[in-house]
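Note that these values count all heavy atoms, side chains included, but never hydrogens, waters or copies made by symmetry. Note that the coordinates shown come from a computational prediction; the quantities given were computed from them, not determined experimentally.
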Amino acid sequence: MSSKSLSPVAALVSVTVIGNNSTGDMENNTKAATLKAGGVHHHYHHHHHGLVKRILNIALVCVAVTLASLLFYIAVFPGGGPSYDPLFSAKSQDPLDAVLRNASMKDKTIIVTTLNDAWAEPNSIFDLFLESFRIGNNTNRLLKHLVVICLDQKAYARCLALHPHCYQLYTQGANFTSEAAFMSSDYLHMMWRRIQFLTSILEKGYSFVFTDTDIMWLRDPFPQFFPDADFQIACDYFRGDSYDVNNLPNGGFTYVVSNKRTTKFYNFWYFSRQAYPNNHDQDVLNKIKSDPFITSIGLKMRFLDTKYFGGFCQPSKDLNLVCTMHANCCVGLDNKVNDLKILLQDWRNYVALLTPPSSSSSGPNSNTTTPPTTMPSWTVPQNCSTSFQRQRHGRHLL
């Protein structure tokens, strides 16, 4: 058996046995030599032999202890042991930790989105997403807290050209570069990889707002979040009660506080995919949102009102209140891009009608505005409203 296969304790035992055997052999050899030499110098050789034996025993014990200590060190510190060199520590640190730390708010909250090459192309979804932050009401300042999780190399390169906080997520055996067909194996893999990754962020102690990239940020959403909830999620269709589990949630927008309850919940959500194969994360959430396990861990779940967090399924009707708008209930990248461009123009038209604050009621640095007397409305969805019907016999793409 090679020494590599031995535990430190086993190695110590082996070395000790070998040492004892070696001592015995040498003792026998010494006795034989003494008998052959005759008895003239018997007393001298006897004294010399005892001294040699003691020295060899001490030396073998030292070797055994040193070897066992070395093997124990290797077992505990397989990478070569801890180092206090800050340069070594920086190199060995997970790059994600640095990205999260640099983007974090003071309370360890970040905003997270995912991106692949198809959505990262110029004049596509990612450009519109970033533009919404820049033209939204009090949203531009939130960009410094946005972490973009890139699912392929092209998306990562594009992200680095536009944004400071980018991280490339490697998934063995997966290719998320192209536009994923709705409910295809690539699509399902991508959705569940997202849940798995968000779980790891919670385990690192970071709270997050997760947002799909096809969600336009028009107002700061944080004032509309419930202060006592662990897990808050937007809805395709909101029934009027934020506690009602019969609301139809949409996993594209969530606000999650990092704690033991949410970590357990996300792990439960992820492993529930095995009970419901060939379902994406949102469908599985609908199946488990009333599960007794959620009550047993004490998770506080709330559903967000589409009045503030709207989408093409159920648009926010009041542009004075809307925070985000999602290109949900829509398939096809081209359909989404077309309608989101129209949506941002609707928002610009609304902002242009806002009356600047009067100097008597607001200070020079005030961000307050007066709503227009004639309320504009959304002119979307357009292409998205018939996207499922038009692609019923073709590819259903997100």
Side-chain angles (χ1 to χ4, degrees), residues 109 112-114 182-183 185 187-203 206-212 214-215 221-222 224-316 323-331 388 396 398:
T109 299
V112 186
T113 193
T114 54
F182 183 59
M183 294 305 295
S185 60
Y187 167 77
L188 293 174
H189 192 183
M190 186 164 57
M191 293 299 101
W192 285 113
R193 184 68 179 96
R194 181 176 77 183
I195 295 297
Q196 185 183 36
F197 182 76
L198 291 176
T199 305
S200 71
I201 291 181
L202 292 174
E203 291 171 344
Y206 288 90
S207 303
F208 62 78
V209 177
F210 175 79
T211 172
D212 276 345
D214 62 345
I215 293 179
F222 284 90
Q224 303 305 329
F225 292 142
F226 299 102
D228 59 343
D230 298 315
F231 174 81
Q232 306 177 49
I233 186 166
C235 297
D236 284 339
Y237 297 97
F238 182 71
R239 299 169 61 92
D241 181 358
S242 66
Y243 289 98
D244 187 357
V245 293
N246 292 313
N247 286 304
L248 296 179
N250 186 297
F253 190 88
T254 55
Y255 175 42
V256 189
V257 177
S258 176
N259 56 42
K260 291 182 179 179
R261 295 182 296 275
T262 53
T263 301
K264 289 179 180 178
F265 169 65
Y266 263 76
N267 277 299
F268 174 63
W269 188 359
Y270 179 71
F271 287 108
S272 292
R273 79 194 191 285
Q274 298 174 357
Y276 304 100
N278 301 319
N279 281 257
H280 61 66
D281 58 322
Q282 188 171 305
D283 285 342
V284 172
L285 176 61
N286 269 319
K287 297 177 188 298
I288 67 171
K289 61 188 178 182
S290 301
D291 194 281
F293 175 79
I294 295 176
T295 303
S296 71
I297 63 175
L299 183 81
K300 299 176 183 177
M301 181 185 297
R302 300 289 288 274
F303 298 89
L304 298 171
D305 193 336
T306 51
K307 176 171 59 177
Y308 303 104
F309 303 93
F312 293 165
C313 296
Q314 193 176 61
S316 173
C323 295
T324 62
M325 278 287 285
H326 190 183
N328 53 8
C329 291
C330 182
V331 290
F388 279 100
H396 287 196
L398 281 186

Inset, instruction - Using the test side-chain contact (heavy atoms from CB on, under 4.5 Å), find all partners of T114 that sit at least two apart in sequence or belong to another chain. - result: I149, R194, F210
Inset, instruction - Give me the one residue out of N247, T306, N328 that meets side chain to side chain donor-acceptor pair (under 3.5 Å) with D236. - result: N328
Legend entry - Validation row: L202, F208 side chains within 4.5 angstrom (heavy atoms): yes
Inset, instruction - With side-chain contact (heavy atoms from CB on, under 4.5 Å) as the test, would you mind laying out the steps for L248 and C235 before giving the verdict? - result: CA-CA 5 Å; L248 296 179; C235 297; 5.7 Å; no
Legend entry - Partner set under side-chain contact (heavy atoms from CB on, under 4.5 Å) for Y243, not counting sequence neighbours: D241, R302
Legend entry - Single hit among I233, L304, T254 for side chain to side chain contact (heavy atoms under 4.5 Å, CB included) with P249: I233
Inset, instruction - Determine whether T199 and N267 make a side-chain contact, defined as any pair of heavy atoms from C-beta on separated by less than 4.5 Å. - result: yes
Inset, instruction - Give a yes or no answer on whether the side chain of Q232 reaches the backbone of F226 with a donor-acceptor pair at less than 3.5 Å. - result: yes
Inset, instruction - Mind checking the CG-SG spacing from N250 to C329? Nearest 0.5 Å is all I need. - result: 8.0 Å
Inset, instruction - Apply side-chain contact (heavy atoms from CB on, under 4.5 Å) to K287 and list each qualifying residue two or more places apart in sequence or on a separate chain. - result: Y276, N279
Inset, instruction - Taking the side chain as every heavy atom from C-beta outward, state whether R239 and N246 have any atom pair closer than 4.5 Å. - result: yes
Legend entry - Test item: V284 and S272 side chains (from C-beta on) under 4.5 Å apart, heavy atoms: yes
Inset, instruction - Just grab all the salt bridge (charged side-chain N to carboxylate O under 4.0 Å, His left out) pairs involving residues 247-261, residues at least two apart or on different chains. - result: D230-R261
Legend entry - CG-CG distance between L299 and D291, expressed to the nearest 0.5 angstrom: 11.5 Å
Inset, instruction - Answer whether the closest heavy-atom distance between the side chains of F265 and M301 falls below 4.5 Å. - result: yes
Inset, instruction - Check side-chain hydrogen bond (donor to acceptor under 3.5 Å, both in side chains) between Y237 and all other residues, then give those that pass, not counting sequence neighbours. - result: none
Inset, instruction - Nearest 0.5 Å please: distance from the CG atom of L198 over to the OG1 atom of T263. - result: 11.5 Å
Inset, instruction - Please check if the side chain of S207 supplies one atom and the backbone of S258 the other of a donor-acceptor pair under 3.5 Å. - result: yes
Legend entry - Q314 side-chain N/O to F238 backbone N/O, donor-acceptor pair under 3.5 Å: yes
Inset, instruction - Mind checking ring-ring contact (aromatic ring centres under 6.0 Å, His included) for F293 and listing every partner two or more places apart, or none if nothing turns up? - result: F268
Inset, instruction - Verify, without hydrogens or angle tests, whether S316 (side chain) and K307 (backbone) share a donor-acceptor contact under 3.5 angstrom. - result: yes
Inset, instruction - May I ask you to establish whether R193 and F197 are in a cation-pi arrangement, using a distance under 6.0 Å from NZ or CZ to the six-membered ring centre and at most 45° from the ring axis? - result: no
Inset, instruction - Can you sort out the partners of F303 under ring-ring contact (aromatic ring centres under 6.0 Å, His included), two or more places apart, ordered by chain and number? - result: none
Inset, instruction - With sequence neighbours excluded, tell me which residues meet ring-ring contact (aromatic ring centres under 6.0 Å, His included) with Y206. - result: none
Inset, instruction - Under the ring-ring contact (aromatic ring centres under 6.0 Å, His included) rule, collect the residues that match up with F225, sequence neighbours excluded. - result: F222, Y255, F309
Legend entry - Counterpart residues, side-chain hydrogen bond (donor to acceptor under 3.5 Å, both in side chains), relative to Q224 (two or more places apart): none
Legend entry - Donor-acceptor contact present, side-chain T113 to main-chain T211, <3.5 Å: yes
Inset, instruction - Keeping the roles fixed (side chain from W269, backbone from D281), state whether a donor-acceptor pair exists under 3.5 Å. - result: yes
Legend entry - Sequence-distant partners of T262, side-chain hydrogen bond (donor to acceptor under 3.5 Å, both in side chains), two or more places apart: N259
Inset, instruction - Can you sort out the partners of N286 under side-chain hydrogen bond (donor to acceptor under 3.5 Å, both in side chains), two or more places apart, ordered by chain and number? - result: K289
Legend entry - P315 versus M325, closest heavy-atom pair with distance: CB-CE, 4.1 Å
